[in-house]
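Model, not experiment: these values are computed from the prediction. First the proteins, then the strands, lettered A, B, ... as listed; each starts at 1.
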Amino acid sequence: MTCRFDKSLRLLNAQDYQSVFDNSTVKVSCAEFLFLAQQNQLDHPRLGLVIAKKNVRLAVQRNRLKRIIRETFRQEQSRLPAIDVIVLARRGADSLENPELHRQFQQLWRQLDKRAKKRLGLSEE
RNA sequence: UGAGUCAGCUGGACGGCCGCUCGGCUUUUGCUGGGAGGAAAGUCCGGGCUCCAUAGGGUAAAGCGCCAGGUAACGCCUGGGAGGCGAGAGCCUACGGAAAGUGCAACAGAGAGUAUACCGCCGAACUCGAGUUUAUCUUGGGUGGUAAGGGUGAAAUGGUGCGGUAAGAGCGCACCGCGCAGCUGGCAACAGUCUGUGGCGAUGGUAAACCCCGCUUGGAGCAAGGCCAAAUAGGAAUCCUUUGCUGCGACCCGCAGUGGAUUCGGGUAGGCUGCUUGAGGCUUGCGGUGACGCAGGUCCCAGAUGAAUGGUCGUCCACGACAGAACCCGGCUUAUAGGCUGACUCUUUUU
RNA sequence: CGGGGCGUAGCGCAGUCUGGUAGCGCACCACACUGGGGGUGUGGGGGUCGCAGGUUCGAAUCCUGCCGUUCCGA
């Protein structure tokens, strides 16, 4: 079980991002975040982040959210199927404290895993 | 003891486990070292660097504006002057010119800029009456005189006193204030218990109104620029010529390219580079009131690129503010929990 | 990285260049017309002029610094 997080586990350019935005098959959302996902041809999941300046004003808060999201992804990655995921932050996301973020993301990653597996299972049939 | 002024520092600490990024050594598995700020922010100024022409001339436009110095440069800093505020330590100031010209001042007020006569004061001079004691007399008015007093306003053109006068007035004098010239001190701004001179309706205010004077400013920005280069399209370099067009995004001049001939390479997506050794930090000595400069020694201290510098657990305490590098520096401005240091002032009490 | 616009009554806007009285429409309140509502008419209330300094006798207006919002270019 790996817990690393290097460049192979991230979306690296605009094409990767655009592809997920155009063809997202799995969605999970809550009040402060939105997950978009698409199946990829690799043997591991990849993560991309969109934390808009419009929704989170301060750079410090944007950095904090990214770190927490990456950290939870790093811990959960072995459970996830081979998908490209983009996490978008909504307005008010910066008002959540670190422990609350950890609790929410644990739930959200599991939800995403369940839905993705269900969707991929159906498409395979 | 309390209140305050100025200058400066700090911006949670330690340990375990799991990560991220860059460098070095290993070599495909690790080891080891570095890893946000005083404002990294706002982008308000000034530079470096790069390209446009080598950055040229003129006009326009914009900015700055006491003096001297510091600096790569500045609208910054230091020292000094002047004015203002405060009991004081201290603090604040876009602080050139109103005797080049134009403009503006609501309401109120008689009058607001070649100032002004509403109330008031005067009746000397000239003049029209009345009275009589016929006088160089008394009295009423007019032509007027007056800037003392009242009143209006943000602002009404020196102040106080004495003389003077019909009443008054720098009309005259004394003192104070002001202007001009000289002298002295100072590099200068400027200053003076200095000298002379001007009666002072000369010369009101406003230039963050136009303006005048002096000084400064070419344009763009690391998505600058350079290199390697799919697809697609047909062009690019060298020589010759000059109308229009483009570079050139204030305008004109000026300069270069496009147009024709000859010779073969150019370039978007993407990648690499620019990318961190620098007007650098620390320290010692010397010069300077100081900003700062000079000399010696020593150190290498983030360099990401969907974008690293973190998460979690434990212990401790004052329970942690504002806040995240993106080419790099010098400033300015704004945000900032708490803690610490030094110098100074005032007040109270004691000696 | 660079450049512009806007902020005035609950809402949408004038006024700012050229400084002295803050105004218009809708909405709101009262009254009249109507049996009542709607509609029309008359009258009325409501403003830290985004914030803080400065210039001026006087600032929504001029100058400086902040805050918010929105747009454009590379």
(request) Applying salt bridge (Lys or Arg N to Asp or Glu O under 4.0 Å), name anything that partners A:Arg79, two or more places apart in sequence or on another chain. (result)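 Result, salt bridge (Lys or Arg N to Asp or Glu O under 4.0 Å) vs A:Arg79: A:Glu76.
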
(request) Could you list the residues that satisfy salt bridge (Lys or Arg N to Asp or Glu O under 4.0 Å) with A:Asp94, not counting sequence neighbours? (result)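 Scan of A:Asp94 (salt bridge (Lys or Arg N to Asp or Glu O under 4.0 Å), adjacent residues dropped) gives none.
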
For nucleotides 34-41 of chain B, print each protein N/O atom paired with a nucleotide N/O atom at under 3.5 Å, atom names and distance only.
none

(message) I want to check one thing: is the phosphate of B:G306, taken as OP1 and OP2, less than 4.0 Å away from some side-chain N or O of A:Arg46?
(response)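 The answer is no; no side-chain N or O of A:Arg46 sits under 4.0 Å from OP1 or OP2.
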
(request) State whether A:Arg57 places a side-chain N or O below 4.0 Å from either non-bridging phosphate oxygen (OP1 or OP2) of B:G324. (result)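 False: A:Arg57 side-chain N/O out of range (4.0 Å or more) of B:G324 OP1/OP2.
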
Report each atom pair, protein N/O against N/O of nucleotides 71-74 of chain C, whose distance is under 3.5 angstrom.
none

In chain order, what residues pass the side chain to side chain contact (heavy atoms under 4.5 Å, CB included) check against [X], with sequence neighbours excluded?
{"X": "A:Asn55", "result": "A:Ala52, A:Arg91"}
{"X": "A:Gln111", "result": "A:Val28, A:Leu108, A:Arg115"}
{"X": "A:Arg57", "result": "none"}
{"X": "A:Lys66", "result": "A:Leu49, A:Ile51, A:Asn63, A:Arg70"}

(request) Begin with the C-alpha distance, continue with both residues' side-chain angles, and end with the deciding distance and a verdict on side-chain contact (heavy atoms from CB on, under 4.5 Å) for A:Leu9 and A:Leu47. (result) CA-CA 6 Å; A:Leu9 293 169; A:Leu47 175 69; over 6 Å; no

(message) So that I can compare with my own list, what are the stems of RNA chain C, taken as at least three consecutive Watson-Crick or G-U pairs with distances under 3.5 Å?
(response)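 Listed by first number, the stems are C:1-7 with C:67-73, C:10-13 with C:23-26, C:28-33 with C:39-44, C:50-54 with C:62-66.
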
(request) With syn defined as a glycosidic angle within 90° of 0 and anti as everything else, classify B:U283. (result)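 In terms of base orientation relative to the sugar, B:U283 is anti.
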
(request) Measure across A:Gly48 and A:Tyr17 and return the closest heavy-atom pair with its distance rounded to 0.1 Å. (result)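 The answer is CA-OH, 3.2 Å.
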
(message) Taking the minimum atom-to-atom distance to the side chain of A:Asn98, which one of B:G306, B:G311, B:A307 wins?
(response)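 Closest nucleotide to the A:Asn98 side chain: B:G311.
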
(request) Return the nearest nucleotide to the side chain of A:His102; candidates are B:A325, B:G310, B:U312. (result)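 Ranking B:A325, B:G310, B:U312 by closest atom to the A:His102 side chain puts B:U312 first.
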
Taking only nitrogen or oxygen atoms into account, show me every contact under 3.5 Å that the protein makes with nucleotides 302-305 of chain B, one pair per line with its distance.
residue	atom	partner	partner atom	Å
B:U305	OP1	A:Lys7	NZ	2.6

(request) Check step by step if side-chain contact (heavy atoms from CB on, under 4.5 Å) holds for A:Leu96 and A:Leu65. (result) CA-CA 9 Å; A:Leu96 297 174; A:Leu65 288 171; over 6 Å; no

For [N], give its Watson-Crick or G-U wobble partner with both distances under 3.5 Å, or none.
{"N": "B:G287", "answer": "B:C292"}
{"N": "B:C118", "answer": "B:G150"}
{"N": "B:U336", "answer": "none"}
{"N": "B:G214", "answer": "B:C64"}

(request) Any salt bridge (charged side-chain N to carboxylate O under 4.0 Å, His left out) involving residues 31-51 of chain A? Give me the pairs, sequence neighbours left out, ordered by first then second residue. (result)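 Matches after skipping sequence neighbours: A:Asp16-A:Arg46, A:Arg46-A:Asp84.
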
(request) Applying ring pair (Phe, Tyr, Trp, His ring centres under 6.0 Å), name anything that partners A:Phe73, two or more places apart in sequence or on another chain. (result)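 Applying ring pair (Phe, Tyr, Trp, His ring centres under 6.0 Å) to A:Phe73 gives A:Phe5, A:Trp109.
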
(request) Answer yes if the side chains of A:Thr25 and A:Gln39 hold a donor-acceptor pair under 3.5 Å, and no otherwise. (result)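 No, no side-chain donor-acceptor pair sits under 3.5 Å.
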
(request) Kindly indicate, with the supporting measurements, whether the criterion side-chain contact (heavy atoms from CB on, under 4.5 Å) is fulfilled by A:Phe35 and A:Leu88. (result) CA-CA 6 Å; A:Phe35 288 58; A:Leu88 295 99; over 6 Å; no

(message) Using the six-membered base ring of B:G19, report whether A:Phe5 stacks on it, requiring centroids under 5.5 Å and planes under 30° apart.
(response)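 It does not: the ring fails the test against the base of B:G19.
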
